[in-house]
Amino acid sequence: MTDQQAPETGAHTSYVPVPVRQRFSWRAAGESAWRIAIPVMIALAVGAVALILGGANPLEIYGMLVQEAFGDAARINATLTAATPLLFTGLAAAIAFRGGVFNVGVEGSFGFAGLAAAVVGVNVGALPPMLAITACLVAGMLAGIAVALVPAILRTWLGVDEVVSTLMFNFIVTGVTAWLVQSYFLAPGQANSATEYVAGSAELPLLAPPGQLNAGFVLAIALVVFYGFWIKRSQLGFEFDAVGKTARFSLAQGLRVRTVLMSAMLISGAVGGLGGAVHALGVVHRFSVGFSASFGFTGIAIALLARFNPVGVVIGAVAFGALAAAGATVQLFVNIPIQLISILQGTIMMLAVAQFAIPRLLRRRKAKRNQTEVSA
């Protein structure tokens, strides 16, 4: 039995006092923003090289991207619409990472929840909008939790590596979702895997019509704000932080390691599922093939870039949303490689992982070198 599989009760009776009145740190928020800015600047440099090799002017293209992302109210609406699912998936990944588990299954929670919300949304037309929307969102959250439950049990009780289990479970969920649509929920007359459109009462209200920005964006921001207060001012939030940083020490001090690991996985699944439900009700209005544009995996990069800081999650989601919203438009009018946006996003994701892993690797090497010098 490993230390993280050990029972929560036993010989250890000491308990770390919980500082439930930690203040919000603007310094930490600033550092999070700077950690996002560095990979973005490097990615822009890599993209500039690709543009120059293709005979384009990087400054002109990047200027157009900024203009298309933030040039007026309609463009800002499109950017924030693209950022909304990333706010949910980035927050879902951040919650899991904060609790010491690397949940790669947010993508599965997002997609399966989209199907659950769409199926419920098709059948709640007789309900008032508030009840219909609530039923769909709850269905999405439960679907997201269901996807996270099996890997959570495997990790918490059997010590199975959650990276492998959640990654493999994504494939299972994708197959099951496609089978359910084709076998039970396929819209009449549809050749591809798509459900019927949700009832009008189940659609999320728009914030600034005719744009697609909807109430899901407000819900996402509210969750990020709640996460910021919860992680700083609650006992469970403190335990998440402690276990995520030093699980062995936390176990020795009597913290509820098993509870934290299970909670981190299930809450992460619930938030990812809520994001899938919002995307189904507010943008797509049904479930179809290609429902998620890898939102779950992009959320992992956002969480790593932000180092789990709530302000950083918002900045990262808006940055990726701007690339997604502006890139498609710019490519329609400028002769640039269609893969440019993928190059930028992929470079940022790669640097996010490197930025998170390299300091830890350096610390291990330094500790190993010091141990060698002492033994010599």
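Just so you know, these numbers use all the heavy atoms, side chains as well, and skip hydrogens, waters and symmetry mates. Because the structure is predicted, anything quoted here is derived from the model rather than measured.
- Phe229 and Val218 fall within the same hydrophobic cluster, where Ile, Leu, Val, Met, Phe, Trp and Tyr residues are linked whenever their side-chain heavy atoms come under 4.5 Å apart, directly or through other members.
- In this structure, Ala92 and Ser268 approach most closely via the heavy-atom pair O-OG, 2.8 Å.
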Start with the C-alpha gap between Asp241 and Phe308, add the side-chain angles, then the distance that decides, and say whether side chain to side chain contact (heavy atoms under 4.5 Å, CB included) holds. CA-CA 10 Å; Asp241 197 46; Phe308 328 139; over 6 Å; no

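- In this structure a side-chain-to-backbone donor-acceptor pair under 3.5 Å is missing from Tyr227 to Leu91.
- The two residues Gly140 and Ala113 have their closest heavy-atom pair at O-CB, 3.2 Å.
- With contacts defined as side-chain heavy-atom distances shorter than 4.5 Å, the pair Ile76/Asp72 does not qualify.
- In plain terms, the two heavy atoms of Ala43 and Tyr62 that are nearest each other are O-OH, 4.5 Å.
- Checked by atom type and distance alone, the side chain of Thr79 never pairs as donor or acceptor with a backbone atom of Ala322 at under 3.5 Å.
- Residues Trp157 and Arg258 have side chains in contact (heavy-atom distance under 4.5 Å, counting atoms from C-beta outward).
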Do Val313 and Leu305 pass the side chain to side chain contact (heavy atoms under 4.5 Å, CB included) test, and can you show the C-alpha distance, the side-chain angles, and the key distance before you say yes or no? CA-CA 8 Å; Val313 169; Leu305 281 170; over 6 Å; no

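- Relative to the ring axis of Phe240, Arg98 does not place its NZ or CZ within 45° and under 6.0 Å from the centre.
- Side chain to side chain, Ser193 and Gln182 meet the donor-acceptor criterion of an N or O pair below 3.5 Å.
- Under the 4.5 Å side-chain criterion, counting only non-hydrogen atoms from C-beta, Val46 is in contact with Ile343.
- Between the CZ atom of Arg286 and the OH atom of Tyr197 there is a distance of 3.5 Å, given to the nearest 0.5 Å.
- Ile133 is connected to Leu207 through a chain of hydrophobic side-chain contacts under 4.5 Å among Ile, Leu, Val, Met, Phe, Trp and Tyr, so both are in one cluster.
- Counting non-hydrogen atoms of other residues, nucleotides and ligands closer than 6.0 Å to CZ of Phe320 gives a total above 12.
- Residues Met262 and Arg155 form no side-chain contact, since every pair of their non-hydrogen atoms from C-beta on lies 4.5 Å or further apart.
- In this structure, CD1 on Ile95 lies 8.0 Å from CD1 on Ile231, to the nearest 0.5 angstrom.
- Heavy atoms only, all atoms of each residue included: Val147 and Val173 are closest at CG1-CG2, 3.8 Å.
- When atom types are taken as modelled, the side chain of Thr89 and the backbone of Phe295 share a donor-acceptor pair closer than 3.5 angstrom.
- At distances below 3.5 Å, at least one donor-acceptor pair connects side-chain atoms of Asn123 with backbone N or O atoms of Val119.
- Side-chain atoms of Glu162 do not come within 3.5 Å of backbone N or O of Asn103 as any donor-acceptor pair.
- When ring centroids are compared, Phe291 and Phe110 come within the 6.0 Å threshold.
- Rounding to the nearest 0.5 angstrom, the gap separating the CG atom in Asp161 from the CG atom in Leu167 is 10.5 Å.
- Separation of the His279 and Phe88 ring centroids does not fall under the 6.0 Å cut-off.
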For side chain to side chain contact (heavy atoms under 4.5 Å, CB included), just list the numbers for Leu223 and Leu274, CA-CA rounded to whole Å, side-chain angles, deciding distance to a tenth of an Å, and then say yes or no. CA-CA 11 Å; Leu223 281 177; Leu274 190 59; 3.5 Å; yes

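- Taking CD1 from Ile42 and CG from Leu344, the interatomic distance works out to 13.0 Å, rounded to the nearest 0.5 Å.
- Hydrophobic clustering (ILVMFWY, side-chain heavy atoms < 4.5 Å, transitive): Met64 and Leu59 are in distinct clusters.
- A distance of 7.5 Å separates CG of Leu87 from CD1 of Ile302, quoted to the nearest 0.5 Å.
- In the model, Ser294 has no side-chain atom that pairs as donor or acceptor with a side-chain atom of Glu107 under 3.5 Å.
- For the pair Thr195/Leu186, no side-chain contact is recorded, criterion being any heavy-atom separation below 4.5 Å from C-beta on.
- Residues Thr166 and Val106 are not in side-chain contact: their nearest non-hydrogen atoms beyond the backbone lie 4.5 Å or more apart.
- Inter-residue side-chain proximity for Leu236 and Trp230 is flagged as met; some heavy-atom pair is nearer than 4.5 Å.
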Asn214 and Val278: CA distance, side-chain angles, deciding distance, side chain to side chain contact (heavy atoms under 4.5 Å, CB included) verdict: CA-CA 9 Å; Asn214 55 71; Val278 165; 4.0 Å; yes

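- Residues Val225 and Leu80 share a single hydrophobic cluster, defined by chaining ILVMFWY side chains whose heavy atoms lie under 4.5 Å apart.
- Nearest heavy-atom pair across Leu51 and Pro58 is CD1-CA, 3.8 Å.
- Contact check for Phe297 versus Asn170: side-chain heavy atoms found under the 4.5 Å cut-off.
- Under the 4.5 Å side-chain contact rule for hydrophobic residues, Leu219 and Leu204 share a cluster.
- For the atom pair Ile61 CD1 and Ile52 CD1, the distance stands at 11.5 Å (nearest 0.5 Å).
- The nearest pair of heavy atoms linking Ser109 to Ala148 is OG-N, 4.3 Å.
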